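In what follows, a single structure is set out as structure tokens and then discussed.
Residue numbering restarts at 1 for every chain, and letters A, B, ... go by the order of the sequence lines. Predicted model, so just to flag it, every value in this text is computed and none were measured.
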Protein chains: 2
Amino acid sequence: MPSKPAAPITIDAVYAAPGYLFRRMQQIAVSIFMEECKAFDLTPVQYAALIAIHTHPGIDATRLSAVIAFDRSTLGSVIERLQAKDYIERKPAPEDKRIKLLYLTKSGAAILREIIPAVERAQARMLEPLKPADRKALMGLLTQLVDLNNEASRVPLRAEDALEHLGKGG
Amino acid sequence: MPSKPAAPITIDAVYAAPGYLFRRMQQIAVSIFMEECKAFDLTPVQYAALIAIHTHPGIDATRLSAVIAFDRSTLGSVIERLQAKDYIERKPAPEDKRIKLLYLTKSGAAILREIIPAVERAQARMLEPLKPADRKALMGLLTQLVDLNNEASRVPLRAEDALEHLGKGG
DNA sequence: CAAAGATTGTCAGTATGCTGTCAATCTCAA
DNA sequence: TTGAGATTGACAGCATACTGACAATCTTTG
């Protein structure tokens, strides 16, 4: 069997490339999120960080990075901005002078409660153009793919890491 | 029928949210692209821009933005970097002093030919963990979704715009 | 205990991405 | 033709992202 001929170099190949579609879809998703949540001055990344801190009070920045799979360097400025908005506070850890523990403030907990419906509207809108069965199929495949590619990303997701600061991890 | 109870506020809801999965997948895709193409000092965005200019020689920056659905502001610096690497050149348009036309240089055309195999390896790797039928299904659904959500993004894709500089457009 | 090694938070540098603005220029209509 | 409006490229400002480095600190090992 002869090898495939060289693909022509055209923009149409880009339109059909997985990487290009993932990028476009991400931009569309952010755009929809910001539109639905414009009353709340919170970005998708900041929202995810708040939720994670709410789920794991007293987590530190490095573990937070593993729990939401965001870059550690980037997370520094995200945390700064959340602190500037008075949604979180940082307390030094008594047993380790390097670590600063993260907690929601009352404001942070409140805005989280208030923004949830808008976030859910946004998430629903992203998939709305598809038929219900197709939505389910897409989410199933995407969940699989992200999970199976976990190690390929700079910051693999390590949900269990969140437990370590409680002394439960091995 | 009673309304659904309020969803608990936990990180697990984030893990299953479409927006979060799109973000993670995009980051994984970029990571794989950069790994496969590390010999070539080209980012995914720069690659797409080069391909588009190759397909539409003499396109201007605004139309390029519509053709690859990248933000016009961002594209300015992308073009600058491609020019600094001597992959493209900009020529003033004779009939419109505002416009600068974009062309590939010989270097640009050469690197494009050379990088194609690496890009194709990268695109294949992104989907590799899935079974072939699932890859097809995912790409089909994603193509649909991006297309149907086209207007929801800041910069909707307008592939036809590329033809206007040839005097064929309406 | 002391040295080697790992971890934590931070920073500098680069590259997207978006919002909003601006001057220069072009187009179109009155 | 001229003045209103649109377009183009550029810029400032903010917010992710990634790379690589660093000092302070902690842990492990000899």
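Following rounding to the nearest Å, A:Leu42 (CG) and D:dA15 (P) show an atom-to-atom distance of 11 Å. Rounded to an integer number of Å, the gap from NZ of A:Lys97 to P of D:dA23 is 19 Å. Between A:Leu64 atom CG and C:dT7 atom C1' there is a gap of 16 Å when expressed in whole angstrom units.
Applying the side-chain hydrogen bond (donor to acceptor under 3.5 Å, both in side chains) test to residues at least two apart or on different chains, the pairs with a partner in residues 40-52 of chain B are B:Gln46-B:Lys85. Within the structure, every pair that satisfies the side-chain hydrogen bond (donor to acceptor under 3.5 Å, both in side chains) test and touches residues 97-108 of chain B, not counting sequence neighbours, is listed here: B:Asp96-B:Arg98.
Atom CG of A:Leu142 is separated from atom CE of A:Met139 by 5.0 Å, given to the nearest 0.5 angstrom. Here the CG atom belonging to B:Leu21 is positioned 10.0 Å from the CG atom belonging to A:Leu145, to the nearest 0.5 angstrom. The distance from the CD1 atom of B:Ile68 to the OG1 atom of B:Thr55 is 10.5 Å, given to the nearest 0.5 Å.
Ranked by how close their nearest DNA chain D nucleotide is to the 5' end, A:Phe70 and A:Asp96 are led by A:Phe70.
Residue B:Asp71 is in base contact, counting any heavy-atom pair closer than 4.0 Å across all strands shown.
A heavy atom lying under 4.0 Å from DNA chain D marks none of the residues of residues 30-39 of chain A.
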Donor-acceptor pairs are to be reported for all side-chain atoms of residues 27-38 of chain A against protein atoms at under 3.5 Å, with residues two or more places apart or in another chain.
from	atom 1	to	atom 2	distance (Å)
A:Ser31	OG	B:Ala152	O	2.8
A:Glu36	OE1	A:Arg121	NE	3.0
A:Glu36	OE2	A:Arg125	NH1	3.0
A:Lys38	NZ	A:Glu35	O	3.3

Item to check | From CA spacing to verdict: side-chain hydrogen bond (donor to acceptor under 3.5 Å, both in side chains), B:Arg24, A:Asn149 | outcome: CA-CA 10 Å; B:Arg24 289 269 291 134; A:Asn149 269 325; over 6 Å; no

Checklist entry - Could you run down nucleotides 9-16 of chain C 5' to 3' and tag each one B, S or - for protein heavy-atom contact under 4.0 Å? => result BSB---SB

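Partners of A:Lys131 under the side-chain hydrogen bond (donor to acceptor under 3.5 Å, both in side chains) rule, at least two apart in sequence or in another chain, do not exist in this structure.
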